[in-house]
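Reviewing the structure listed below.
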There are 2 protein chains.
Amino acid sequence: MNRLPASSSLARHNAQPANCGTCPARAHCLPTGMNDSYCAAIDQLVERRVQLVRGEHLYQMNEPLSDHLYAIRSGQFKTYHLTPEGEQRVTGFHMSGEFLGLDAIGLHVHRGSAVALTNAEVCEFSYHRLADAAQRMEPLSQLFHNLLSKELARQQDTTLLLRNGHADQKFANFLLRMSRCYTGRGSAPNLFQLPMSRQEIGDFLGLTAATISRLICNFKGQGCIKAVRRNIIILDQAMLTRIATGTPHPAPALGAIAPASPVLQLA
Amino acid sequence: MNRLPASSSLARHNAQPANCGTCPARAHCLPTGMNDSYCAAIDQLVERRVQLVRGEHLYQMNEPLSDHLYAIRSGQFKTYHLTPEGEQRVTGFHMSGEFLGLDAIGLHVHRGSAVALTNAEVCEFSYHRLADAAQRMEPLSQLFHNLLSKELARQQDTTLLLRNGHADQKFANFLLRMSRCYTGRGSAPNLFQLPMSRQEIGDFLGLTAATISRLICNFKGQGCIKAVRRNIIILDQAMLTRIATGTPHPAPALGAIAPASPVLQLA
DNA sequence: CGGCAGATTGAGACTGCTCAACATGGGTGG
DNA sequence: CCACCCATGTTGAGCAGTCTCAATCTGCCG
């Protein structure tokens with residue numbers, strides 16, 4: 001039913017004269033903080049730009065890899081591993097400006113799969129050409145290290161986020177994180193459309209689709225979000241933050257620990 | 001009780017003429033696969049070697065960082081974050097050959113803390129000197145990228161390991177992972193001493209100390225490990241693997257799904 | 001010989017899962 | 001343009017695993 005409905009791999013259109021200078025993701029991508037001439041140099045390093053439709057794979061697990069790294073120019077991706085039993089384990093969701101394939105540097109096959117959750121465009125780099133260029137351009141070398149380090153930090157945060165706390169904390173964190181991702185990427189930070197299904201969110205958070213559904217209901221009932229299908233509006237970020245950190249009440253104020261205060265129960 | 005009993009930070013003995021060539025961790029560290037002359041070059045990059053006693057911190061969260069990376073020469077470390085509420089969140093356990101501080105490249109403060117779980121010795125690098133050297137020595141550049149990538153992959157695996165599955169699966173995985181870590185590092189792979197408390201294992205796996213204790217009991221009862229305090233002997237690695245993957249029985253063979261087969265219940 | 005942190009063990013509560021039925025809505029073909 | 005279909009999402013009831021909160025035990029250290 002689910003799993004790899006779309007065509008096998010890679011592909012599509014070598015595309016237009018798009019370049020880094022005009023890229024909407026520029027601020028989040030490799031050229032962060034570089035001047036235009038360096039930016040142009042990076043532009044030169046892009047082997048080609050690939051467009052994918054929703055559901056198409058950028059690469060798949062155990063596929064032999066040909067030295068490629070990908071920067072997401074637009075759209076969103078999901079990366080996942082397959083267990084020996086064939087279950088899908090979501091390792092992350094990725095937005096414009098992020099790199100894919102960094103975890104496979106030095107290996108000969110891909111460690112996981114990457115699939116487009118929306119129509120998307122990526123810039124394809126050759127790792128070796130990039131490394132060569134970095135050898136000659138110090139700032140690029142630095143930038144690349146920063147990129148790897150940042151990715152490492154992100155992955156660490158994910159681990160922390162997901163390991164600890166109850167379902168509501170995890171999911172509140174997830175929403176806040178998504179919101180932060182959308183900030184500065186065009187869309188408003190408190191109004192966005194999730195590109196993934198409840199099932200996928202559940203896989204990612206270590207919960208089930210049913211639980212995600214119920215949590216959305218609860219949050220709606222508490223008035224901190226509005227939600228219709230995959231469209232989310234964050235109404236009360238402070239409350240979400242409180243839920244995320246496990247602090248149930250804003251200002252306990254005077255009186256006891258509010259044993260049964262008027263917290264609306266359901267939708 | 002727990003939490004930062006020891007002295008504040010860093011420190012100690014500039015130490016002996018130890019070098020990479022004779023380092024027991026050489027095979028797992030930066031010089032992987034390099035010839036002796038390159039190895040000597042890396043040796044030159046080590047600013048100093050620092051010895052720490054059990055419980056001492058290598059660095060602490062939010063401490064301003066001075067461009068340092070550390071390679072573990074001997075001993076074991078725990079890295080953790082503190083939540084705003086002061087709770088400790090273990091991000092990982094680290095053995096000889098691994099690098100610490102990679103996640104802070106490009107930042108100005110440490111993202112987390114690193115504390116020695118045993119007496120330990122680390123090699124201190126200056127990131128900038130390392131990067132400079134990599135600029136001149138191509139193989140080193142490559143090696144450094146591989147190091148970062150490998151660390152990223154490790155962190156991903158951790159995420160996968162910990163998010164999915166039940167308590168027994170997580171813990172079985174944890175033991176197997178520890179066992180793998182000890183392989184090729186002197187100690188026998190199936191007989192080792194855990195450097196961390198039940199509480200710390202629990203923090204890491206997203207479980208409680210009580211649960212860890214019970215799991216050890218169960219595993220002992222099933223005959224796949226022996227355990228006295230922190231000393232572990234793995235008796236039946238295959239069974240542990242089965243538990244880890246969620247396959248309850250080795251060969252269901254003929255007959256039903258063995259509703260109440262003779263699986264000894266307790267220790 | 002205390003004192004104490006770490007480890008073990010027990011009883012009960014509660015969260016989140018399982019399994020299932022049902023609702024919804026977008027896409028397709030007639 | 002409508003009817004249908006299927007994937008996705010919602011909701012319910014019951015259950016199991018893990019947590020909580022303790023009491024108790026052990027070995028280590030001073």
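Residue numbers start from 1 in every chain, and the chains themselves are labelled A, B, ... in the order their sequence lines are given, proteins ahead of strands.
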Five-pair end axes of the helix from C:dC1-D:dG30 to C:dG30-D:dC1 and the angle they enclose, rounded to 10°: 40°

Under 4.0 Å, counting only non-hydrogen atoms across every strand here, what does [X] touch: a base, just sugar-phosphate, or nothing?
{"X": "B:L207", "answer": "sugar-phosphate"}
{"X": "B:G202", "answer": "nothing"}
{"X": "B:A210", "answer": "base"}
{"X": "A:S213", "answer": "base"}

Donor-acceptor pair (no angle test) under 3.5 Å: A:R214 side chain, D:dG12 base: yes

Which residues share a ring-ring contact (aromatic ring centres under 6.0 Å, His included) with B:F219, sequence neighbours left out: B:F171

Residues B:I243, B:Q222; criterion side-chain contact (heavy atoms from CB on, under 4.5 Å); working and verdict: CA-CA 11 Å; B:I243 295 173; B:Q222 293 180 25; 3.5 Å; yes

Ring centers of B:F93, B:F77 separated by less than 6.0 Å: no

Euclidean distance, atom [atom1] of residue [X] to atom [atom2] of [N] [Å, nearest integer]:
{"X": "A:N231", "N": "C:dG26", "atom1": "CG", "atom2": "P", "value": "10 Å"}
{"X": "B:F171", "N": "D:dC19", "atom1": "CZ", "atom2": "P", "value": "13 Å"}
{"X": "B:Q199", "N": "C:dA5", "atom1": "CD", "atom2": "P", "value": "14 Å"}
{"X": "B:M196", "N": "C:dA5", "atom1": "CE", "atom2": "P", "value": "21 Å"}
{"X": "B:I212", "N": "C:dA7", "atom1": "CD1", "atom2": "P", "value": "11 Å"}
{"X": "B:R54", "N": "C:dA5", "atom1": "CZ", "atom2": "C1'", "value": "11 Å"}
{"X": "B:N218", "N": "D:dG17", "atom1": "CG", "atom2": "P", "value": "11 Å"}
{"X": "B:L194", "N": "C:dA7", "atom1": "CG", "atom2": "P", "value": "10 Å"}

A:Y182 side chain near A:R180 side chain, heavy-atom distance below 4.5 Å: no

Pair [X]-[Y], side-chain donor/acceptor within less than 3.5 Å:
{"X": "B:T158", "Y": "B:R177", "result": "yes"}
{"X": "B:H94", "Y": "B:T79", "result": "yes"}
{"X": "B:Q169", "Y": "B:T245", "result": "no"}

Upstream residue (5' side of DNA chain C) when A:R229 and A:L215 are each assigned their closest nucleotide: A:L215

Within 6.0 Å of CD in B:Q237, more than 12 heavy atoms from elsewhere: no

Interface residues of residues 159-169 of chain A with DNA chain C (non-hydrogen, below 4.0 angstrom): A:H166, A:A167

For B:N164 against A:D203, the heavy-atom pair lying closest together: ND2-O, 4.3 Å

Phosphate-side-chain proximity, A:T208 and C:dG16, N/O vs OP1/OP2 below 4.0 Å: no

Row check, A:F174 ring normal vs A:K170 NZ/CZ: under 6.0 Å, within 45°: no

